[in-house]
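Lettering of chains follows the sequences in order, A, B, ..., and the numbering in each one begins at 1.
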Amino acid sequence: MRLTRTEPRRSSSKRIEPVILFAIGNTRFAIAASSVDEIRSLDGLVACSMSSAYRSLRKVKFTFERNKKNYLVVDANLHFHTPPTQATRILVLRNSSVAVLVDSIDRMCELTAVRKLPQAFGGEERIWYRGLTVVGEELVPVVNPQAFLSKAETAVAITELVGGRVAEEGIKIKTEKGAVSA
Amino acid sequence: MSEAAQAGPKENFVLFPLGKKRFALFADTVTELARPDRLHTFPHTTPLLSGVLLRRGQIVPVCDVAPVLIGPDAPERKFYLITARKGRSASEWTALPVTGECELAASEMLPVTAKLPDYVCGLISLGDESVEVIDLERVMATEGDP
């Protein structure tokens, strides 16, 4: 008797991924909801300027403390090399000490597909984005949360912060209703 | 040797206008001429790319070569010439914004004799007009410097 082994049937349904849509200037981005720990206002931000030789750390413009842990706030405009805009929210990334300053949170939605960035794109965007997705009639880049600050950059920045080498500009940002010019 | 034997083989080209000048691409690299479509933009650092189009379910990068080919004062681009480029691992479409309607021409490609930019891979002679045949890969490799 011949035994036939049946392969487990692969589900034909597409994987659905919840994402948060946020805006920086006129551009809408998506980030996996699972990579965001909290969406905060700008309360408690302390302006800082990294003295590190790491040029990429210049995009860390603020810090804040949450549950006795220091967080580094990346200015998304400096990260994406875009002109300054009015930031009003912070996305605190999960399992990291990094948060991102963004203009606004749009909404949550579910993605069924993230398309690869065309190969013609050969710059930093290949690291910034996991790909592109269609939301309504709009093509939206899906950000790679690890690209805002690498583990090495985070470690250096936290070391500087803890060691007191970061020039805290002593400005607690008043943000009850206001906004930070990012 | 007959005159016909001396002439090189005729090849098909698509002529596209950018301002007052016309350029040519090998016809087999062109897939279609498309009307203006919605340009989706997002931050990036790749020179010459102005965004992407969503066309027949495909994401098509838009490469504005006008600043390289004719300088910064190019007139408004009215159509997209969709070309198939060799990507790093596969062929992909790229849209070139052009300023007017395109034309198909069969002609012999002449070698570049004068000092012309690296992206000119040949010339075709159409009456009084000498049209530069463009190597899109080389244009994109110019890093956006006119």
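When only modelled atom types and interatomic distance are considered, A/E124 and A/H81 share a side-chain donor-acceptor pair under 3.5 Å. In this model, no donor atom of one side chain and acceptor atom of the other lie less than 3.5 Å apart for B/E76 and B/T99.
Among residues 26-40 of chain B, the residues having any heavy atom closer than 4.5 Å to a heavy atom of chain A are, in sequence order, B/R38, B/H40.
In this structure, the portion of B/L49 lying under 4.5 Å from any heavy atom of chain A is its side chain and not its backbone. Looking at A/V140, neither its backbone nor its side chain comes within 4.5 Å of chain B, counting heavy atoms on both sides. With a 4.5 angstrom heavy-atom cutoff, A/L117 touches chain B only via side-chain atoms.
Screening residues 132-154 of chain A for salt bridge (Lys or Arg N to Asp or Glu O under 4.0 Å) gives A/R28-A/E138 as the qualifying pairs, with residues at least two apart or on separate chains.
Counting heavy-atom pairs under 4.5 Å between each of B/L54, B/T94, B/I59, B/T41 and chain A puts B/I59 at the top.
Remark: B/F42 engages A/F121, A/Y129 in a ring pair (Phe, Tyr, Trp, His ring centres under 6.0 Å) (not counting sequence neighbours). Judged as a side chain to side chain donor-acceptor pair (under 3.5 Å), and not counting sequence neighbours, A/N144 has no contacts.
Taking the six-membered ring for Trp, A/W128 and A/H79 have ring centres closer than 6.0 Å.
A salt bridge does not link B/K78 with B/E101: every distance from a Lys NZ or Arg NE/NH1/NH2 to an Asp or Glu carboxylate oxygen is 4.0 Å or more.
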Check step by step if salt bridge (Lys or Arg N to Asp or Glu O under 4.0 Å) holds for B/E103 and B/R22. CA-CA 10 Å; B/E103 202 181 300; B/R22 292 202 297 177; 3.0 Å; yes

